[in-house]
Amino acid sequence: MPPGSPPTTSCAPRSTSAYCGRPSRACRLREETSNGSERLHPAYLERTYLASHPELTDAARELVHNDISANPQKYAQSEHAQALLSYAGVHHHLLDELHRIEDMGSDEEFEQTRNRLFDDMRDELLKIVRIDALAVDAQLLAIILADTPVDACLGDLMKLETSAADYLQQSVPGFDMEAPHYWANNVLADGVTAADLTVSEPALIGWLHTLEAISQLCMASARYRAAANYARRVLKAEGYPTRAAGTVLLALARLEDQDGFFALAHQLEEQMGADALENSPWYLLARTILLFKTNKMRPATRALREFANRCEGGAFFLLNPMYQTPYLPCRPEPRDPWDLSHQAVWEADGIISDTPDFAPWANACEDVSQLAQEFARRYGF
């Protein structure tokens, strides 16, 4: 277990009472699958189907490629493939239902309905796991939906991570924990890339999802060094879209690790470009926190204003903590222009809470409070 004092909150928080409330219909959060999940099942089904039909011509293979997303059941020929599609169905139903109940009149009614939904969906996920123990994502989501304390949830997640990693190392040809992107050179041939192999291996995607979930829970329970370490393992994968770098940046800022922070920022700038980094809510918020905590107040003020001006809704969410639907299992893709700002501030909530002077200082910055008010008026928060 990573070091840290035992928290009392649950893995998927079941109360909204500590926050300002839920977004209204006009500004609701829309849950989406993320981190390659939408592409996972077609890629895996295509790989396994073509492997079992080597006689197919190039034209036939192209037909399979075009048909498989529209008719996945037709190509789910194994128990494992069917379990993966069952999980996808449960996952989509869970997100659709969360979307449907967002506008319930009272928080109490919302919480009761959501808790029943969580329990029902967990039962369905456990049915899938009983049929196929290799359905890592189903196991992961069942753990997240359980109403358990953070330490118990972390323990379950770490057991799942260990078992998934053992399976990958023992049963997936070419997987190599020490390789640059988890794939050995001998399987990277004939135009096949590490990204191709990653997206078509469900157990690897599930393992990466589990690492992200552990990292997020470590952040929420003030285990910042552990959060950064788990997130770095996610960043090593290729072909797996993720914003885990934001977790590392926030953790390094909280640890006041200036050298580590700016070294990672330089690396990210080379990978994604200066514009993308300079518009990342995680980078801009983490830089503000780092400068504030190291008592560089003038640069911190400039960084705060930059965060507020560049990140839609950043000032509002910073000054008005707003409930965020738990990640199920990872960050949803943004649908509204302020979603990423909301996620970054939500993930930094523990850091901001244990830096008691930070929020009043930010609130006292006139530009920032004005931007927050303008955002609230514009979108009806």
Residues in salt bridge (charged side-chain N to carboxylate O under 4.0 Å, His left out) contact with [X], at least two apart in sequence or another chain:
X: Glu46; answer: none
X: Asp120; answer: none
X: Arg225; answer: none
X: Asp123; answer: none

Any salt bridge (Lys or Arg N to Asp or Glu O under 4.0 Å) pairs touching [range], not counting sequence neighbours?
range: residues 60-77; result: Asp67-Lys74
range: residues 364-381; result: Arg305-Asp367, Glu312-Arg378
range: residues 155-183; result: Glu161-Arg233

Whether [Y] and [X] form a salt bridge (side-chain N of Lys/Arg under 4.0 Å from carboxylate O of Asp/Glu) is what I want to check.
X: Glu347; Y: Arg243; value: no
X: Asp357; Y: Lys293; value: no
X: Arg254; Y: Asp354; value: yes

How long is the span from the [atom1] atom in [X] to the [atom2] atom in [Y], to the nearest 0.5 Å?
X: Tyr224; Y: Cys218; atom1: OH; atom2: SG; value: 11.0 Å
X: Thr198; Y: Leu204; atom1: OG1; atom2: CG; value: 5.0 Å
X: Leu145; Y: Asp119; atom1: CG; atom2: CG; value: 8.5 Å
X: Leu98; Y: Phe118; atom1: CG; atom2: CZ; value: 5.5 Å
X: Gln324; Y: Asp339; atom1: CD; atom2: CG; value: 7.5 Å
X: Trp207; Y: Leu140; atom1: CH2; atom2: CG; value: 13.5 Å

Worksheet item: Looking just at side-chain N and O atoms, do Tyr283 and Glu269 make a donor-acceptor pair shorter than 3.5 Å?
Response: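 Not at all, the side chains of Tyr283 and Glu269 share no donor-acceptor pair under 3.5 Å.
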Discussion item. Hydrogens and angles aside, do Tyr87 and Gln139 bring a side-chain donor and acceptor to less than 3.5 Å of each other?
Written reply: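 No donor-acceptor contact under 3.5 Å links the two side chains.
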Do [X] and [Y] sit in the same hydrophobic cluster, where Ile, Leu, Val, Met, Phe, Trp and Tyr count as joined when their side-chain heavy atoms come under 4.5 Å apart?
X: Phe262; Y: Ile351; value: yes
X: Ile131; Y: Leu125; value: no
X: Met322; Y: Leu371; value: no

Worksheet item: Does the side-chain hydrogen bond (donor to acceptor under 3.5 Å, both in side chains) test come out yes or no for Thr294 and Gln258, once each step is laid out?
Response: CA-CA 9 Å; Thr294 53; Gln258 299 179 69; 4.5 Å; no
Item to complete: Not counting sequence neighbours, list each pair that qualifies as a ring-ring contact (aromatic ring centres under 6.0 Å, His included) and has a residue in residues 58-79.
Response: Tyr49-Tyr75
Side chain to side chain contact (heavy atoms under 4.5 Å, CB included) partners of [X], counting only residues at least two apart:
X: Lys236; result: Tyr182
X: Ala195; result: Thr193, Glu238
X: Pro299; result: Leu291, Lys296, Arg302
X: Val172; result: Tyr167, Leu168, Phe175, Trp183, Glu201

Worksheet item: Would you call the rings of Phe375 and Tyr379 parallel, tilted or perpendicular, where under 30° means parallel and over 60° means perpendicular?
Response: tilted
Worksheet item: With side chains defined as the heavy atoms from C-beta onward, is the minimum distance between His342 and Asp336 less than 4.5 Å?
Response: no
Item to complete: Could you check if a side-chain atom of Ser280 sits within less than 4.5 angstrom of a side-chain atom of Arg310, using non-hydrogen atoms only?
Response: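 No, side chains not in contact.
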Item to complete: Evaluate ring-ring contact (aromatic ring centres under 6.0 Å, His included) for Tyr327 paired with His209, printing each intermediate quantity in order.
Response: CA-CA 11 Å; Tyr327 298 160; His209 283 163; over 10 Å; no
Verify the ring-centre separation between [Y] and [X]: is it less than 6.0 angstrom?
X: Trp346; Y: Phe317; value: no
X: Trp338; Y: Phe316; value: no
X: His266; Y: Phe261; value: no

Discussion item. Using only atom types and a distance under 3.5 Å, with no angle test, would you say the side chain of Asn279 pairs donor to acceptor with the backbone of Asp275?
Written reply: yes
Discussion item. Pair Arg331, Thr247 - check side-chain hydrogen bond (donor to acceptor under 3.5 Å, both in side chains), show working.
Written reply: CA-CA 11 Å; Arg331 295 176 183 89; Thr247 301; 2.8 Å; yes
